[in-house]
Amino acid sequence: MLMPKKVKHRKIQRGGAIRGTAGRGNELNFGTFGLKSKEANLVSARQIESARRAMTRYIQRGGKIWIRIFPDKPMTKKGDETPMGKGKGAVDHFVAVVRPGTVMFEMDGVKRETAKEAMRLASYKLNVKTKFVEKE
């Protein structure tokens with residue numbers, strides 16, 4: 001699973017609502033086809049890995065996949081049945097902040113139909129609504 005090798009701060013604040021659209025990472029840079037987010041949310045490292053595996057399985061050793069998002073935000077969780085207080089919980093997992101318009105995955109070296117189906121299978125694994133995009 002994806003996670004940072006090293007972080008400046010072990011635990012960070014969650015932050016409020018994710019506002020605005022993606023200012024960068026909103027265009028296809030590597031591949032011909034892509035999967036673009038239509039809404040804002042936090043996508044976990046497990047979801048990214050699950051989507052990657054779904055795409056890779058479908059294209060069967062053909063083409064190349066690029067993952068354009070990286071889970072660098074640590075999320076903490078306190079243990080089950082732990083009383084309130086006694087500080088913040090330990091880091092449980094990492095998430096990527098995804099805004100509307102962010103290109104999350106790119107693909108090249110496969111037919112359009114194959115890419116579209118692979119991206120559709122990947123989109124089921126993510127907790128954001130997505131759309132299939134391609135280079136003009």
Side-chain angles (χ1 to χ4, degrees):
M1 268 197 304
L2 294 171
M3 65 166 32
K5 286 189 184 96
K6 183 173 126 179
V7 288
K8 187 171 184 179
H9 301 289
R10 196 164 49 92
K11 300 173 184 177
I12 62 166
Q13 293 186 339
R14 277 183 120 87
I18 305 165
R19 291 191 196 89
T21 56
R24 65 184 98 182
N26 52 5
E27 293 175 353
L28 294 174
N29 287 343
F30 304 101
T32 315
F33 311 105
L35 193 65
K36 196 177 227 185
S37 166
K38 286 168 72 176
E39 60 185 15
N41 212 335
L42 300 173
V43 179
S44 75
R46 280 173 178 248
Q47 290 169 341
I48 296 167
E49 177 62 13
S50 181
R52 183 198 66 79
R53 288 176 74 170
M55 284 191 290
T56 308
R57 274 213 187 100
Y58 189 78
I59 61 172
Q60 295 174 351
R61 294 190 303 277
K64 181 154 173 56
I65 295 170
W66 289 269
I67 302 169
R68 295 282 308 275
I69 53 175
F70 187 79
D72 57 355
K73 184 174 185 164
M75 298 306 260
T76 60
K77 186 175 189 295
K78 293 186 83 161
D80 295 336
E81 298 181 18
T82 306
M84 297 294 279
K86 307 236 182 350
K88 190 167 179 158
V91 173
D92 184 51
H93 62 281
F94 287 85
V95 297
V97 178
V98 174
R99 289 186 169 85
T102 304
V103 174
M104 296 186 286
F105 297 97
E106 290 188 33
M107 193 182 287
D108 204 359
V110 290
K111 293 186 189 127
R112 185 184 187 279
E113 294 76 36
T114 309
K116 190 162 187 170
E117 180 61 18
M119 295 288 188
R120 186 184 67 82
L121 293 170
S123 71
Y124 289 140
K125 308 290 184 183
L126 303 165
N127 63 346
V128 289
K129 287 181 182 161
T130 57
K131 70 176 178 182
F132 179 76
V133 291
E134 52 190 313
K135 242 179 201 164
E136 291 83 33

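- In this structure, Leu42 and Asn127 approach most closely via the heavy-atom pair O-ND2, 3.1 Å.
- Met3 has its side chain out of reach of His93: every pair of non-hydrogen atoms, C-beta onward, lies at least 4.5 Å apart.
- Of all the heavy atoms in Gly62 and Val110, the pair that sits closest is O-CG1, 3.7 Å.
- Here the closest non-hydrogen pair linking Lys11 and Lys88 is NZ-O, 3.3 Å.
- For the residue pair Met107 and Ala118, the shortest heavy atom distance occurs at CE-CB, 3.8 Å.
- Other residues, nucleotides and ligands place more than 12 heavy atoms under 6.0 Å from the NZ atom of Lys78.
- Asn26 is not listed as a side-chain neighbour of Thr102, based on a closest heavy-atom distance of 4.5 Å or more.
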(Q) Using the rule given for side chain to side chain contact (heavy atoms under 4.5 Å, CB included), can you reason through Met104 versus Val128, listing the C-alpha separation, both sets of side-chain angles and the distance that settles it, and then say yes or no? (A) CA-CA 11 Å; Met104 296 186 286; Val128 289; 3.7 Å; yes

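- Arg57 CZ to Leu121 CG: the interatomic distance, rounded to the nearest 0.5 Å, is 11.0 Å.
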Q: Please assess Ile65 against Ile59 for the test side chain to side chain contact (heavy atoms under 4.5 Å, CB included), listing each intermediate value before the final yes or no.
A: CA-CA 10 Å; Ile65 295 170; Ile59 61 172; 3.7 Å; yes

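- Contact annotation: the side chain of Phe105 never approaches that of Thr130 to less than 4.5 Å [non-hydrogen atoms, C-beta and beyond].
- Atom OG of Ser50 sits about 11.0 Å away from atom CE of Met1, to the nearest 0.5 Å.
- Rounding to the nearest 0.5 Å gives a distance of 9.0 Å between CD of Glu134 and CG of Leu28.
- Heavy atoms only, all atoms of each residue included: Arg99 and Thr21 are closest at CD-O, 3.9 Å.
- With rounding to the nearest 0.5 Å, the separation of CG in Asn29 from CZ in Arg24 is 12.5 Å.
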Q: Starting from the C-alpha separation in whole Å, work towards a yes-or-no answer on salt bridge (Lys or Arg N to Asp or Glu O under 4.0 Å) for Glu117 and Arg120.
A: CA-CA 5 Å; Glu117 180 61 18; Arg120 186 184 67 82; 2.4 Å; yes

Q: Go through the steps for Arg14 and Met75 under the test side chain to side chain contact (heavy atoms under 4.5 Å, CB included), then give the verdict.
A: CA-CA 7 Å; Arg14 277 183 120 87; Met75 298 306 260; 3.4 Å; yes

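- In this structure, Lys129 places its NZ atom where only 12 or fewer heavy-atom neighbours from other residues, nucleotides or ligands lie under 6.0 Å away.
- At a threshold of 4.5 Å between side-chain heavy atoms, the hydrophobic network of Ile, Leu, Val, Met, Phe, Trp and Tyr places Ile48 and Val103 in two separate groups.
- One hydrophobic cluster holds both Leu126 and Leu2 under the rule that ILVMFWY side chains link at heavy-atom gaps under 4.5 Å.
- Clustering ILVMFWY residues whenever any of their side-chain heavy atoms sit less than 4.5 angstrom apart, transitively, puts Ile12 in a cluster other than the one holding Val91.
- For the atom pair CG (Leu35) and CD (Glu106), the distance works out to 10.5 Å, reported to the nearest 0.5 Å.
- The minimum heavy-atom distance linking His9 with Pro74 is given by the pair O-CG, 4.4 Å.
- Pairs engaging residues 19-42 under the ring pair (Phe, Tyr, Trp, His ring centres under 6.0 Å) rule: Phe30-Trp66, Phe33-Phe132 [sequence neighbours left out].
- Ionic pairing of Arg46 and Glu49 is not present here: no N-O contact between side-chain nitrogen and carboxylate oxygen is shorter than 4.0 angstrom.
- Atoms NZ and CD, on Lys73 and Gln13 in that order, are 9.5 Å from each other to the nearest 0.5 Å.
- The hydrophobic cluster containing Val97 does not contain Phe94, counting ILVMFWY residues as joined when their side-chain heavy atoms lie under 4.5 angstrom apart, directly or transitively.
- Side-chain contact between Val98 and Asn41: absent, with no pair of heavy atoms (C-beta onward) separated by less than 4.5 Å.
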